[in-house]
Novice: 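The structure under discussion is supplied below as structure tokens; questions concerning it will follow.
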Amino acid sequence: MKGFAGASFASLFGLFVCSVPMLVGAWFAIRPSEQLLALMRPLTLGAIFAALCSFVLALANGFVAISTLSGLDLQGVRVVGAVFMEGLAPVVASFASLAVAWFCVAIGMRRS
């Protein structure tokens, strides 16, 4: 299993999109303002949709890998498992970055 190295470009782009709210959340933690908080809401919504698209892409790639199997052998199951996990690793990281973003917002709310 290669982790992020085996992920598709679309999954990695979704991970990049989900890291933008984390950066804005960190900026909000340092300098809280109403404008940044208003920006966080649509950025988070876009990041959630990007993570969901990455999840569906991982499922689609996994089902394509299943469709290429000629039989149910252990090696084929390993390949399908690797395809699923390589696709789901960016999804988990995307939602983790969203969690960090909103923890930064909570820190910024305490400061303001």
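These numbers were taken from a predicted model, which means no experiment stands behind them. In this chain, residues are counted from 1 in sequence order.
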Novice: CE of Met40 to CD of Gln35: how many Å apart, nearest 0.5 Å?
Specialist: 14.5 Å
Novice: Which pair of heavy atoms, one from Gly14 and one from Ser94, lies closest together, and at what distance?
Specialist: O-OG, 4.0 Å
Novice: Taking all heavy atoms of Cys104 and all of Ala26, pick out the closest pair and write down the distance.
Specialist: CB-N, 3.8 Å
Novice: In Å, rounded to the nearest 0.5 Å, how long is the span from CG of Asn61 to CD of Glu86?
Specialist: 10.0 Å
Novice: Rounded to the nearest 0.5 Å, what separates atom CG in Leu98 from atom OG in Ser19?
Specialist: 9.5 Å
Novice: Could you pull out every donor-acceptor pair under 3.5 Å between side chains of residues 66-84 and any protein atom, sequence neighbours left out?
Specialist:
{"from": "Ser67", "atom 1": "OG", "to": "Val64", "atom 2": "O", "distance (Å)": "2.7"}
{"from": "Thr68", "atom 1": "OG1", "to": "Ala65", "atom 2": "O", "distance (Å)": "2.7"}
{"from": "Asp73", "atom 1": "OD1", "to": "Gly76", "atom 2": "N", "distance (Å)": "3.2"}

Novice: Specify the closest pair of heavy atoms between Gly87 and Val91, including all atoms of both residues, with the distance to one decimal.
Specialist: O-CG2, 3.8 Å
Novice: Does the side chain of Leu59 reach to within under 4.5 Å of the side chain of Phe55, using non-hydrogen atoms?
Specialist: yes
Novice: Measure the OG-CZ distance between Ser54 and Phe95 for me, rounded to the nearest 0.5 Å.
Specialist: 9.0 Å
Novice: Determine, step by step, whether Met109 and Val105 satisfy the side-chain contact (heavy atoms from CB on, under 4.5 Å) criterion, reporting the C-alpha distance in whole Å, the side-chain angles of both residues, the deciding distance to 0.1 Å, and the verdict.
Specialist: CA-CA 6 Å; Met109 295 295 282; Val105 169; 4.2 Å; yes
Novice: Looking at Trp27 and Leu36, what are the two nearest heavy atoms and their distance?
Specialist: CE3-CD2, 3.7 Å
Novice: Over all heavy atoms of both residues, which pair between Pro21 and Ala47 is shortest? Give the atoms and the distance, please.
Specialist: CG-CB, 3.8 Å
Novice: Which residues end up grouped with Leu57 if you chain together Ile, Leu, Val, Met, Phe, Trp and Tyr wherever their side-chain heavy atoms are less than 4.5 Å apart?
Specialist: none
Novice: Identify which one of Leu23, Val20, Ile48 satisfies the side chain to side chain contact (heavy atoms under 4.5 Å, CB included) criterion when paired with Leu43.
Specialist: Val20
Novice: Looking at every heavy atom in both Leu15 and Ala93, which two are closest together, and how far apart are they?
Specialist: CD1-CB, 3.6 Å
Novice: Who else is in the cluster with Phe13 when I, L, V, M, F, W and Y are joined by side-chain contacts under 4.5 Å?
Specialist: Phe16, Val17
